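The model shown is predicted, which means the values in this text are computed figures rather than measured ones. Indexing begins at 1, ligand by ligand and atom by atom, following the structure's order. Along the sequence shown, residues are numbered consecutively beginning with 1.
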Amino acid sequence: MRVIIQPDAEAASRRAARFVADLIRKKPNCVLGLATGSTPLGTYRELVRMHKEEGLDFSCVTTFNLDEYVGLASVHPQSYRQFMQVNLFDHVNVVLTNTNVPDGRALDFETHCRQYEQKIKDCGGIDLQILGIGSDGHIAFNEPGSSLGSRTRLKTLASETIRDNARFFGGEDKVPRLAVTMGVGTILESRRCLLLAFGPHKAAAVRETVEGPVTAQVTASALQLHREVIGIFDEAAARLLVRRDYYADVEQAQSLLEAGQLRQLGIASQSGIK
Ligand code: PGA
């Protein structure tokens, strides 16, 4: 995993948005995997700014969201469909029919989940998946104990997640108990993942995700098996990482490489560094 540590969430979000924008410019019809929650908000704000000020063009982009609460209509203010409309889709030129969020009110979830997976495949797979981490180490709603090979399905929320999200619903008892979520296996099939975490309350989960063992008890740790994950953390979320110095060395080498200063790296031609 490539680890990029930024001084604060704002700088980290700008960095994340740059990865997304670079992809959209390189591949205008790319497929983005999107996340909700407080973590990606700064990234979405920056993407909206890039659209308005720099003409970043979403007109051919397709999106798939990770998850949705079960029981909430798409127009419910706390539904993830609403979150995406309010925080990104309504402010850029993405085509509404190219945006996909699981349906929390599907009549037949088994069929709906299968079709969601199929649609991702039909669109050519996800090029770049944005991810946050739950304080219990989950990615999407893959709570501790989820199979690392899991696919899109219904999932029961862990009490920690319900507690974390109670602030949006005005109380724990109002938080839905179930969600429909992409599985860990679904996420691992995306071509590239951007893993974001900000704040001291994420430090333990980041440490376990990046430097702990791969375990279903911390589903984000499965990302260690993925070939291209970029973790972008602020100082507070990265503070428990033991190999911070090494990650900084890698970033320095990467900057030299991107600046074409190959001789300083002792190499004669362009190649990637991990
Ligand atoms: P947050 O949630 O971004 O609101 O902290 C992240 C998550 O639960 O995946």
Side-chain angles (χ1 to χ4, degrees), residues 6 8-10 12-13 15-17 20 32-47 64-70 72 77-84 86-88 101-102 104 129-146 148 150 152 155-170 172 174-184 186-188 190 193-210 216-223 226 229-240:
Q6 296 286 294
D8 52 43
E10 211 174 300
S13 299
R15 194 73 200 270
V20 179
L32 297 179
L34 300 177
T36 50
S38 35
T39 307
L41 279 174
T43 303
Y44 296 154
R45 260 196 305 272
E46 178 65 0
L47 287 172
F64 285 91
N65 264 78
L66 287 168
D67 43 20
E68 179 61 283
Y69 289 112
V70 165
L72 299 194
Q78 293 307 327
S79 77
Y80 285 162
R81 162 56 76 178
Q82 270 307 300
F83 176 100
M84 292 311 304
V86 169
N87 293 297
L88 184 66
V101 181
Q129 176 66 62
I130 297 174
L131 296 164
I133 314 180
S135 56
D136 64 1
H138 69 208
I139 39 172
F141 273 130
N142 294 288
E143 301 289 25
S146 294
L148 300 186
S150 51
T152 303
K155 194 71 201 163
T156 306
L157 303 192
S159 52
E160 200 167 348
T161 302
I162 290 172
R163 245 188 337 268
D164 286 349
N165 291 353
R167 65 190 194 279
F168 300 115
F169 287 88
E172 281 183 35
K174 300 200 180 69
V175 182
R177 270 20 194 185
L178 298 179
V180 50
T181 179
M182 277 190 210
V184 180
T186 320
I187 292 166
L188 290 178
S190 52
C193 294
L194 269 189
L195 177 67
L196 312 178
F198 312 137
H201 57 301
K202 297 293 173 74
V206 166
R207 160 94 175 103
E208 289 181 67
T209 296
V210 179
Q217 297 310 312
V218 180
T219 53
S221 69
L223 294 170
H226 191 283
V229 178
I230 303 169
I232 308 182
F233 312 126
D234 68 357
E235 285 286 352
R239 93 193 135 87
L240 299 178

Quick check on contacts: which atoms of ligand 1 are under 4.0 angstrom from a heavy atom of [X]?
X	value
G37	3 (O), 4 (O)
I133	6 (C), 7 (C), 9 (O)
G134	7 (C), 8 (O), 9 (O)

Among protein heavy atoms, which sits nearest to [atom], and what does the distance come to when rounded to 0.1 Å?
atom	answer
atom 9 (O) of ligand 1	H138 NE2, 3.3 Å
atom 2 (O) of ligand 1	K202 NZ, 4.1 Å
atom 3 (O) of ligand 1	T39 OG1, 2.4 Å

Item to check | Contact (N/O only, under 3.5 Å) between T36 and ligand 1 | outcome: no

The ring-ring contact (aromatic ring centres under 6.0 Å, His included) partners of F83 (sequence neighbours excluded) come to none

Do you know which of [options] makes side chain to side chain contact (heavy atoms under 4.5 Å, CB included) with [X]?
X	options	answer
L131	L223, L196, L194	L223
T156	L178, T161, I162	L178
I187	T181, T152, L66	L66

E172, CD atom: more than 12 neighbouring heavy atoms under 6.0 Å: yes

**Asked** Can any side-chain N or O of S13 pair as donor or acceptor with the backbone N or O of A9 at less than 3.5 Å?
**Response** yes

Fill in: Side-chain touch V70/P176, heavy atoms, less than 4.5 angstrom
no

Please classify the R167 to ligand 1 contact at 4.0 Å (heavy-atom distances, strictly less than): side chain, backbone, both or neither.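 Side chain only.
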
| ligand 1 contacted by E160 (non-hydrogen, < 4.0 Å) |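 Per 4.0 Å heavy-atom rule, E160 does not contact ligand 1.
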
key: Residue-ligand contact H201/ligand 1, heavy atom below 4.0 Å   =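 Distance cut 4.0 Å: H201 fails for ligand 1.
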
